[in-house]
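Chain letters run A, B, ... following the sequence lines, proteins first and then strands; every chain starts at 1.
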There are 2 protein chains.
Amino acid sequence: MTEKDKLTEEKIFDSATEIFIEKGFDGARMRDIADHAGINKSLLHYYYRTKERLFNAVFENIADRIFRKLIPVFDKNLSFEEKIRLFYREHIDLLHNNPRLPVFLLNEIYRNPSRVEKLVKDTPIMKIWTVLSEQHSEELERFNVSADSIPQLMVSIASLSLFPFIAKNIITAMFEKEDYDFDSFIEKRKEYAAEFVIRAIKNREQLPEADSKGQIRREKRTAGR
Amino acid sequence: MTEKDKLTEEKIFDSATEIFIEKGFDGARMRDIADHAGINKSLLHYYYRTKERLFNAVFENIADRIFRKLIPVFDKNLSFEEKIRLFYREHIDLLHNNPRLPVFLLNEIYRNPSRVEKLVKDTPIMKIWTVLSEQHSEELERFNVSADSIPQLMVSIASLSLFPFIAKNIITAMFEKEDYDFDSFIEKRKEYAAEFVIRAIKNREQLPEADSKGQIRREKRTAGR
DNA sequence: TTAAAATTTAATCGTATGGTCAAATTTAAA
DNA sequence: TTTAAATTTGACCATACGATTAAATTTTAA
């Protein structure tokens, strides 16, 4: 009973996870989930009352898995630079094994904006912010990263690992034309992204001016060609 | 007749654009589009046979608009650095006025992967690649950017402007907790992203890496003014 | 072994959806 | 004005979907 019970419920949950990730809430069909699990369609409603509830279970599980995996990185007692490197290694690895997760998550938040509040409230996502702006304030100050631009930095960091998976289809298609390979691209990206961020920040260290203004000085620069 | 004709068809097209962008193909309802346009539902089928065809018209128009707007940037006769700055100013501006475009596009490609081939084939998206790897090969070489890592660079460049809009909901929610504002964040991002990329690349210049072309002169930029 | 409870199945419902059609109305041509 | 064509409308269809229900089957506990 508990045996078979768990088996059925688990089969449903796993199939639902797979299909919801693949198709999203709107695109997923209860029939498909049942078929994929090899069970009668009514069982879906027996175990999870509605499609919404089933999706909910799946969504929260996924969100939890993602952020739970990420937090240890920021817990570790490392320098900012080391943390960046570790983050990209871990994060990109996680995404490489679950390439559709970002789109799934973003899409659902899009469909149901109320999710985002719960996400920010219930997951440790804000911890990344906290750690960056508190734990590493000194380092960032040394790099001339103003507290004001920490949001810019954070979003930039996230962009570099998430976007390639979000745009995987397009990237793959473009790569094909030039004979590149997405998988090896991703493998290289772990280090590339880390270096990219570190360089972008570290360079500030050497600039004598306090903060960039760079707006007005762009006309003369090139003699053309 | 031609007057009213255009009016009706245009109303349909505009409403469809709005609603498809908002809800995506699966989420959009033909009834909603008709209601929004203030016309009878059958007219949708009179002017555009099916939902697919209507969506198709909308999609291609949007894709075209996006890429057509972007290409001039890469056509201009500017240095790589200037091009980066101009790109972010133009691109982020476009996205700021149409914040849902990236998600719409990516989502549709997701739903219908065959789109991506047509997109790569019919839009000038590959031109960005070409320009970067051909027109600026010398500059990039000077920056120690190997041809091998140009894909990494390109994806990184795109990430920094596209991702913030893709993840707008989450970012906004996180900002709220810390009393930041998405709009001003985006405004600042035009310059931030450009500086970020330029710094990330330029820094390579100074690394004591072996270089066949003896032209490593690092201070060029900051002193120049 | 037996009865109650839990699980599974098949049939079916109500509704929403994309789409069709024929009639009504408006517009253009004679 | 008359007539044919183009446009618009409302009624309707077939289907797909999530959900319900009651009966059948299996499991559990006495």
Do [X] side-chain and [N] base share a donor-acceptor contact under 3.5 Å?
{"X": "B:Thr50", "N": "C:dG19", "result": "no"}
{"X": "A:Thr8", "N": "C:dT7", "result": "no"}
{"X": "B:Lys41", "N": "C:dG19", "result": "yes"}
{"X": "A:Lys51", "N": "D:dA19", "result": "no"}

Which whole-number value in Å describes the distance from [X] [atom1] to [N] [atom2]?
{"X": "B:Tyr48", "N": "C:dG18", "atom1": "OH", "atom2": "C1'", "result": "17 Å"}
{"X": "A:Lys11", "N": "C:dT7", "atom1": "NZ", "atom2": "P", "result": "14 Å"}
{"X": "A:Arg53", "N": "D:dT20", "atom1": "CZ", "atom2": "P", "result": "10 Å"}
{"X": "A:Lys23", "N": "D:dA16", "atom1": "NZ", "atom2": "P", "result": "15 Å"}
{"X": "A:Glu52", "N": "D:dG18", "atom1": "CD", "atom2": "P", "result": "11 Å"}
{"X": "B:Leu44", "N": "C:dG19", "atom1": "CG", "atom2": "P", "result": "10 Å"}
{"X": "B:Glu9", "N": "D:dT8", "atom1": "CD", "atom2": "P", "result": "10 Å"}
{"X": "A:His45", "N": "C:dT7", "atom1": "NE2", "atom2": "C1'", "result": "16 Å"}

5' priority, DNA chain D, between B:Leu43 and A:Ala28 [closest heavy atom]: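 That would be B:Leu43.
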Contact list for residues 95-106 of chain B, test salt bridge (charged side-chain N to carboxylate O under 4.0 Å, His left out), sequence neighbours left out: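 Every pair satisfying salt bridge (charged side-chain N to carboxylate O under 4.0 Å, His left out) with a residue in residues 95-106 of chain B: B:Glu22-B:Arg100.
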Set of ring-ring contact (aromatic ring centres under 6.0 Å, His included) partners for B:Phe25, sequence neighbours left out: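 Partners of B:Phe25 by the ring-ring contact (aromatic ring centres under 6.0 Å, His included) criterion, ordered by chain and then number, come out as B:Phe55.
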Can you name the residues that form a ring-ring contact (aromatic ring centres under 6.0 Å, His included) with B:Phe67, not counting sequence neighbours?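 B:Phe67 satisfies ring-ring contact (aromatic ring centres under 6.0 Å, His included) with no residue once adjacent residues are dropped.
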Quick one: is A:Arg29 getting a side-chain N or O under 4.0 Å of the D:dG18 phosphate, OP1 or OP2?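 Affirmative; the distance criterion is met.
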Can you tell me if the side-chain N/O atoms of B:Tyr46 get under 4.0 Å from OP1 or OP2 in C:dT20?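 The answer is no; no side-chain N or O of B:Tyr46 sits under 4.0 Å from OP1 or OP2.
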Looking at residues at least two apart in the chain, or sitting in another chain, which of them share a side chain to side chain donor-acceptor pair (under 3.5 Å) with [X]?
{"X": "B:Asp35", "value": "none"}
{"X": "B:Lys188", "value": "A:Asp148"}
{"X": "B:Ser15", "value": "B:His36"}
{"X": "A:Arg111", "value": "A:Glu108"}

Check the orientation of B:Phe175 and B:Tyr180. Use parallel for under 30°, tilted for 30 to 60°, and perpendicular for over 60°.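 If you compare the ring of B:Phe175 with that of B:Tyr180, the planes turn out tilted.
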Give the ring-plane orientation class for A:Phe165 versus A:Phe182, where under 30° counts as parallel, over 60° as perpendicular and anything between as tilted.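 Correct class here is perpendicular.
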Sorted by number, the residues of residues 30-40 of chain A with heavy-atom contact under 4.0 Å to DNA chain D: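 Hits under 4.0 Å, by residue number: A:Met30, A:Arg31.
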Mind running a 4.0 Å heavy-atom check of residues 12-19 of chain B against DNA chain C and sending the residues that fall below it, in number order?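 Going residue by residue through residues 12-19 of chain B, none turns out to have a heavy atom under 4.0 Å of DNA chain C.
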Spatial distance of atom CD1 (B:Ile12) from atom CG (B:Leu43) [nearest 0.5 Å]: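 CG of B:Leu43 is found 5.5 Å from CD1 of B:Ile12.
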